[in-house]
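These numbers were taken from a predicted model, which means no experiment stands behind them. The chains referred to below are lettered A, B, ... by the order of the sequence lines, with proteins before strands, and numbering in each begins at 1.
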Amino acid sequence: MTFALIDGNSFYCSCERLFQPKLERRPVIVLSNNDGCAVARTAEAKALGIKMGAPYFQIRDLCERERVAVFSSNYALYGDISRRMNEVYRTVSPNVEAYSIDETFLDLSGFDPSRHEEMARALRAQIRRWIGIPTCVGLGPTKVLAKVANKIAKGDPAMDGVCDLRDPVARKLFLADVPVADVWGVGPASTAKLLAINVRTAADLSAMDFRLAKSLLSVVGERIVMELSGVSCMPLESVPPTRKGLAVTRSFGERITTLDPMLEAVSTYAARAGEKLRRYALAAGYMTLFMHTSRFASTPSYSGSKGIEFSPATNDSRKLIAAAQSLARQVWREGFAFSKAGVMFDDLIPQGDVARGLFDAPDDVERNARLMTAIDQINQRWGRNAAIIGATGLRAAWTQKFQRRSPSFTTKLADLPSC
DNA sequence: TCTGGGGTCCTAGGACCC
DNA sequence: TCTGGGGTCCTAGGACCC
């Protein structure tokens with residue numbers, strides 16, 4: 001087996017640079033929703049000491065002083081660029097797994113092994129030329145090793161964007177320099193356990209007795225050890241598995257202290273979740289609503305949630321909104337400043353499998369589905385919120401802040417770049 | 001006083017990912 | 001003043017069964 005993992009360098013930042021080439025050498029960061037934290041940083045920004053997840057208010061002065069270009073996140077743009085990159089990958093091989101918005105695994109096993117590295121370099125050059133995004137590629141006999149290889153390529157400019165860990169001898173040397181915390185699947189809790197028994201590097205971990213790994217880190221750890229030692233046990237998933245849950249949750253732009261705006265917010269989230277469900281042709285059998293105060297605030301804290309079953313399962317926004325409002329009234333407590341709320345859906349089934357409710361006339365089911373389709377089409381054509389269902393909110397104080405959003409260069413006609 | 005030995009299913013919570 | 005928004009998988013433990 002040979003896996004390649006290709007991903008965009010500082011992906012969100014690179015997307016922002018695409019249309020503003022003058023940013024090419026400047027530090028760039030992209031903020032999370034609500035302009036909360038730094039979630040993407042270019043090499044120049046990392047060099048300034050800006051950490052992943054750093055709250056923006058803590059680094060604002062630094063950013064101004066160092067002329068860091070700061071952007072609110074623009075997921076419409078990043079999603080569109082991501083889609084184009086995957087189109088290019090698929091011209092190389094149909095055996096492609098789009099793992100995340102900026103990472104894709106390719107299975108190169110069908111090609112001549114002596115050409116794998118050359119293919120990786122060619123693909124990288126092609127993405128740079130056609131789409132403009134700089135990338136790195138990791139090659140390995142397993143997914144975990146391809147991930148490690150990719151990380152090594154990122155950290156060492158001398159590798160020119162490609163690291164090949166297929167050869168076991170070379171691999172041993174490379175892995176000895178990789179901290180165990182940098183291995184895919186090894187988080188803070190596992191790192192602490194491993195360091196406690198003196199397993200410090202990826203090489204140490206790959207040499208670990210896999211029964212010990214299992215007792216310490218469960219089957220997840222066992223799999224990682226096997227993959228690191230070159231035994232593939234994580235197959236390429238070219239068909240995405242059916243999703244199990246779906247959520248719409250948001251922090252508020254301003255704290256919510258009264259019930260009405262809360263009802264408005266959760267109704268809006270429920271409507272958005274309805275759109276998502278219909279886009280995937282799914283219906284939900286269970287809904288959970290939650291709201292909580294800020295975990296950073298010193299004011300009184302409260303966190304509450306409550307669920308409700310839908311029988312039959314539904315994706316009708318009006319039912320979702322009614323349920324969200326009813327749950328929100330039950331969870332609501334006076335006297336708190338809420339910072340976030342959300343709706344989550346489980347027990348998802350294909351829309352076509354929904355049993356008709358006992359009291360629904362056959363025509364109703366059809367009619368309701370047509371109404372939802374119509375709303376979705378209007379919103380798709382005329383923009384989100386062109387058609388809304390009563391009680392969902394639009395420009396309220398609680399909506400999020402995106403003060404530094406770039407234009408939607410590729411997905412909105414009005415934002416098309418001009419010269 | 002002594003009080004079996006399995007199964008299965010479900011859920012909550014932890015850990016990890018980007 | 002200001003701290004994201006999604007997901008998945010695994011395990012432990014309780015409920016329940018015979």
Please classify the nucleic acid contact of [X] as base, sugar-phosphate, or nothing, using heavy-atom distances under 4.0 Å.
| X | answer |
| --- | --- |
| A/Gly53 | nothing |
| A/Lys147 | sugar-phosphate |
| A/Val30 | nothing |
| A/Pro241 | nothing |
| A/Leu246 | sugar-phosphate |
| A/Tyr99 | sugar-phosphate |
| A/Ser190 | sugar-phosphate |
| A/Asp35 | nothing |
| A/Lys401 | nothing |

Practice task
Any chance you could measure A/Asp182, atom CG, to A/Lys151, atom NZ, to the nearest 0.5 Å?
Solution key: 4.5 Å
Exercise for the section: Would you please say whether a donor-acceptor pair under 3.5 Å links the side chains of A/Asp107 and A/Ser109? Expected result: yes
Handout entry: Nearest-angstrom distance, C1' atom, B/dG4 to C/dC16
Key = 16 Å
Side chains of [X] and [Y] in contact at under 4.5 Å (non-hydrogen atoms):
| X | Y | answer |
| --- | --- | --- |
| A/Phe338 | A/Trp332 | yes |
| A/Arg279 | A/Lys276 | yes |
| A/Phe345 | A/Phe310 | yes |
| A/Val68 | A/Ile59 | no |

Practice task
Please tell me which of A/Lys214 and A/Thr242 maps to the more 5' nucleotide of DNA chain C, matching each residue to the nucleotide holding its nearest heavy atom.
Solution key: A/Thr242
Fill in the blank from the handout: Of A/Thr249 and A/Arg255, the one whose closest nucleotide on DNA chain C sits nearer the 5' end is A/Arg255
Practice task
Using both distances under 3.5 Å as the test, list the Watson-Crick or G-U wobble partner of C/dC18, or none.
Solution key: B/dG5
Fill in the blank from the handout: In the 5' to 3' direction, the nucleotides of DNA chain C bounding the stretch that comes under 4.0 Å of a heavy atom in chain A are C/dC2 to C/dT11
Handout entry: Non-neighbouring partners of A/Phe290 that pass ring pair (Phe, Tyr, Trp, His ring centres under 6.0 Å), sequence neighbours left out
Key = A/His292
